[in-house]
Amino acid sequence: MQLEEHEASSLIAQRQKKLGAIVELGFEPYPRKFDVTHTLPEILASYSGKTAEELEKEKPVVRAAGRMMTIRPHGKAGFAHLAGGGVRLQVYVRLDAVGERDFELYKLLDLGDLIGVEGYLFRTRTGELTIHAGRLQFLAKALLPMPEKWHGLADVEIRYRQRYLDLLANEEVRKTFERRSRIVRALRDFLDGEGFMEVETPMMQPLPGGALARPFKTHHNALDIDLYLRVAPELYLKRLVVGGLDRVYEINRNFRNEGISTQHNPEFTMLEFYQAYADYRDMMDLTERLLRHVTKTVLGSTTFEYAEQEISLDRFHRLTMKEAIVEYWPKEAGTAPTMEGVVETRGVFKWIEAFDRWAAQQSGESIHPLALPQGTAPGMALQALFEAVAERYLIQPTFITEFPLEVSPLSKQKPDDPNFVERFELFIGGMELANAFSELNDPREQRDRFEYQQLLREKGDLSAHTVDEDYVRALSYGMPPTGGEGIGIDRLTMLLTGSKSIRDVILFPLLRPEKKSGE
RNA sequence: GGGCCGGUAGCUCAAUGGUAGAGCACUGCCCUUUUAAGGCAGGGGUUCUGGGUUCGAAUCCCAGCCGGCUCACCA
């Protein structure tokens with residue numbers, strides 16, 4: 001929506017004209033500053049407890065500023081609400097208190113205008129804390145009209161494209177993002193308290209690595225090299241562990257050139273942390289403590305509602321990937337596999353056949369056959385079957401362990417079963433929230449894994465790893481046994497704010513750009 | 001990318017083939033403790049865009065644009 005388009009329309013023309021009239025009264029149209037004695041939340045904090053009589057005696061004088069969200073004129077007096085800092089405060093303006101000029105200004109103000117007020121606090125007949133204005137100061141004009149004051153802004157496209165309007169019109173949106181900020185602060189507090197050091201590693205990487213996902217590609221002109229926006233900070237953080245930073249973490253953006261959904265945005269925020277001399281079991285314990293700390297700090301409780309389900313962080317369940325398949329196998333799809341049945345890795349294909357036969361008969365939208373391509377590795381097939389069968393049912397916090405080797409190129413193998421690795425993913429509310437493992441620190445094994453990935457890549461899997469020689473070199477200097485983990489901050493925020501879409505916890509989610517008129 | 005749903009005044013929404021409407025917002029007048037303030041009067045539309053069917057289209061058909069949900073990919 002271009003401003004020029006509106007120039008001719010009466011609404012903006014009217015307001016432009018009013019701005020002219022305000023200047024005529026001797027006010028600057030866009031003044032530099034306004035010194036306040038209090039923010040609006042500070043006024044509420046200091047004076048909400050005071051009675052009408054106490055205020056009447058003290059007549060505390062304040063200077064405050066905000067955006068006009070309501071206006072109720074009554075002839076030679078009137079009310080308005082100022083909004084700011086997530087609260088509202090009423091202002092009472094009367095001709096005999098503010099004088100001709102300021103009262104003329106009051107009459108020229110529109111919803112959305114920014115003003116400063118000086119006056120004393122009192123309570124109205126209905127008991128509402130209110131500034132009795134002695135002076136008004138014009139601060140800025142809203143040339144475009146605010147969204148509807150009662151229903152707010154409902155059009156989701158405008159809410160995402162013009163988040164500033166969403167924040168102004170919908171109080172709960174501001175609350176969601178305030179909570180997100182507290183979540184991140186609580187994470188930092190917890191990790192700092194555990195002796196972790198926060199670091200920043202490259203967002204632009206010559207080789208994309210650390211996760212199996214397609215990267216965004218860009219180009220640096222001066223060096224004339226291609227660079228990739230990182231899909232994960234993992235390989236850099238582990239280089240730091242090699243360098244003796246035994247406990248490190250990073251909270252920052254990752255970029256993945258994949259689809260967009262209610263759980264995926266191309267750029268998203270990830271917490272990754274690494275702890276030397278620890279393994280994936282230690283990471284489980286740490287995760288439980290971390291999530292309880294954050295939830296308790298932010299919500300005051302370790303239980304909360306999500307998608308009409310009561311979720312409790314008091315107990316974290318543990319299932320191996322195979323156990324989860326057995327547990328959640330659809331009864332209608334025939335006899336469930338037994339643990340013995342899935343022990344033999346190749347046996348998984350039998351169960352995929354059974355699942356696909358059943359899924360093909362389902363008319364529902366949400367169940368589809370896996371239809372794996374010919375030659376899919378057994379480990380990949382197992383993970384695909386797990387996701388199809390079990391993932392959506394993992395509402396209560398559940399660690400899924402024993403991931404197949406093929407889908408885990410950076411994890412250490414299990415000593416008793418080299419086809420599987422020491423890795424878990426944490427599921428809450430049917431979403432994958434965290435991914436952790438005992439980090440592979442054998443450089444020769446790591447090179448073999450990279451080379452297998454390279455093979456997949458050459459077969460057309462664009463999310464497979466490339467060989468990172470410098471990372472192998474770093475491991476060759478010796479990396480301590482290390483546990484590492486990534487936690488999706490956006491999804492954690494979804495859980496703790498009851499948001500069904502990731503777009504509701506990202507201030508500016510990616511949308512297709514608006515077309516300019518005339519194109 | 002596939003499927004389903006949606007796009008009407010600044011905003012929230014009506015109008016199922018027959019004169020495009022309401023509330024809020026806006027304009028004018030009245031009103032010195034109101035709070036979804038009130039009273040009276042008024043202005044405002046490329047019904048997403050382009051085709052088609054029809055005597056007649058916001059409404060039916062086709063194509064496109066944008067968005068939502070969902071499936072696939074992924075975290």
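Side chains included, hydrogens not; waters and symmetry mates left out as well; all remaining heavy atoms used. In what follows, chains are A, B, ... by sequence order, proteins preceding strands, each numbered from 1. Given the structure is predicted, the values throughout are model-derived calculations rather than measurements.
Across all strands shown, Gly488(A) has no heavy atoms under 4.0 Å from either base or sugar-phosphate atoms. Across all strands shown, Glu128(A) has heavy atoms under 4.0 Å from base atoms, whether or not it also approaches the sugar-phosphate. Nucleic acid contact for Leu212(A): sugar-phosphate only, since backbone atoms but no base atoms lie under 4.0 Å from a heavy atom of the residue. Among the protein residues, Asn265(A) comes within range of the nucleic acid bases, having at least one heavy atom under 4.0 Å from a base atom. Within 4.0 Å (heavy atoms only), Lys17(A) reaches no atom of the nucleic acid at all. Using a 4.0 Å heavy-atom cutoff across all strands shown, Ser261(A) reaches no nucleic acid atom at all. As judged by a 4.0 angstrom heavy-atom cut-off over every strand, Gly486(A) is placed among residues making no nucleic acid contact. Among the heavy atoms of the strands lying under 4.0 Å from Arg161(A) are primed sugar atoms or P, OP1, OP2 only; no base atom is included. At a threshold of 4.0 angstrom between heavy atoms, the contacts of Arg491(A) include nucleobase atoms, whether or not backbone atoms are also involved. Asp96(A) comes within 4.0 angstrom of a nucleotide base, judged by non-hydrogen atoms across all strands. Using a 4.0 Å heavy-atom criterion, one finds that Arg503(A) contacts the sugar-phosphate atoms exclusively. Within 4.0 Å (heavy atoms only), Leu511(A) reaches sugar-phosphate atoms of the nucleic acid but no base atom. Across all strands shown, Phe427(A) has no heavy atoms under 4.0 Å from either base or sugar-phosphate atoms.
Partner of Arg180(A) under the side-chain contact (heavy atoms from CB on, under 4.5 Å) criterion, out of Val505(A), Leu492(A), Thr497(A): Val505(A) alone.
When each of Arg125(A) and Pro73(A) is assigned the nucleotide of RNA chain B bearing its nearest heavy atom, the one mapping closer to the 5' terminus is Arg125(A). Positionally, the nearest nucleotide of RNA chain B for Asp155(A) lies more toward the 5' end than for the other of Thr130(A) and Asp155(A).
The separation between His81(A) atom NE2 and U33(B) atom C1' is 12 Å, rounded to whole Å. Computed from coordinates, the Ile260(A) CD1 to A72(B) C1' distance equals 14 Å when rounded to whole Å. Look at NZ on Lys141(A): it is 15 Å from C1' on G10(B), rounded to the nearest Å. For His151(A) and G10(B), the NE2 to P distance is 18 Å, given to the nearest whole Å. A straight line from CZ of Phe508(A) to P of G67(B) spans 17 Å, rounded to a whole angstrom. Distance, Lys149(A) NZ to A25(B) C1': 8 Å, rounded to whole Å. Rounded to whole Å, the distance from CD on Gln383(A) to C1' on C73(B) is 13 Å. Atom pair Glu391(A):CD and A75(B):C1' shows a separation of 9 Å (rounding to whole Å applied).
Nucleotides G52(B) and G17(B) are separated by 16 Å at their C1' atoms, to the nearest Å. Rounded to whole Å, the separation between the C1' atoms of A15(B) and G21(B) comes to 7 Å. Taking atom P in both G18(B) and G28(B), one finds a spacing of 38 Å when rounded to whole Å. Separating the P atom of G44(B) from that of A22(B) is a span of 13 Å, rounded to the nearest Å. Using C1' as the reference atom, A25(B) and A36(B) are 12 Å apart when rounded to the nearest Å. The separation of A14(B) from C24(B), taken at their C1' atoms, amounts to 15 Å, rounded to a whole angstrom. Using atom P as the reference point in both U70(B) and A63(B), the two lie 25 Å apart (nearest Å). For the C1' atoms, the distance linking C4(B) with A75(B) amounts to 26 Å, nearest Å.
For Leu111(A), the side-chain atoms get nearest to A25(B) when compared with the rest of C66(B), A25(B), G68(B). Between C69(B), U34(B), C11(B), one nucleotide has an atom nearer to the side chain of Gln90(A) than all others, and that is U34(B). Closest approach to the Thr262(A) side chain among A37(B), U32(B), U70(B) is made by U70(B) (side chain taken as heavy atoms from C-beta onward). Here the side chain of Gln14(A) is nearest to one of U27(B), A25(B), C11(B), namely U27(B). Between A75(B), C13(B), A25(B), one nucleotide has an atom nearer to the side chain of Glu432(A) than all others, and that is A75(B).
Remark: Lys107(A) engages Glu104(A) in a salt bridge, criterion side-chain N to carboxylate O under 4.0 Å. Salt bridge absent: Arg423(A) and Glu485(A) never bring a charged side-chain N and a carboxylate O closer than 4.0 Å.
Note on Lys18(A): every side-chain N or O is 4.0 Å or more away from OP1 and OP2 of C26(B). Contact annotation: Arg72(A) does not reach the phosphate of U34(B) (side-chain N/O to OP1 or OP2, under 4.0 Å). Remark: Arg94(A) is not in phosphate contact with U33(B), judged by side-chain N or O atoms under 4.0 Å from OP1 or OP2.
Atom-to-atom distance recorded for Arg123(A):CZ and Glu56(A):CD is 12.5 Å, nearest 0.5 angstrom. To the nearest 0.5 Å, the span separating OH on Tyr471(A) from OH on Tyr236(A) amounts to 12.0 Å. With values rounded to the nearest 0.5 angstrom, Ile502(A) atom CD1 is found 10.5 Å from Ile260(A) atom CD1.
In a base pair of the Watson-Crick type (N1 to N3 plus N6-O4 or O6-N4) or a G-U wobble (N1-O2 and O6-N3), with each distance short of 3.5 Å, G44(B) is matched with no nucleotide. The partner of G67(B), taking Watson-Crick or G-U wobble pairs whose two distances both stay under 3.5 Å, is C5(B).
Every side-chain contact (heavy atoms from CB on, under 4.5 Å) that Met69(A) has, sequence neighbours left out, goes to Arg67(A), Ala83(A), Arg88(A).
Remark: ring of Phe268(A) stacked against base of A75(B); centroid gap under 5.5 Å, plane tilt under 30°.
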> Does the ring-ring contact (aromatic ring centres under 6.0 Å, His included) test come out yes or no for Phe424(A) and Phe437(A), once each step is laid out?
Replying inline: CA-CA 6 Å; Phe424(A) 71 78; Phe437(A) 31 91; 9.1 Å; no
> Between Val231(A) and Arg214(A), is a side-chain contact (heavy atoms from CB on, under 4.5 Å) present by the stated rule, with each step listed?
Replying inline: CA-CA 8 Å; Val231(A) 295; Arg214(A) 296 172 66 173; over 6 Å; no
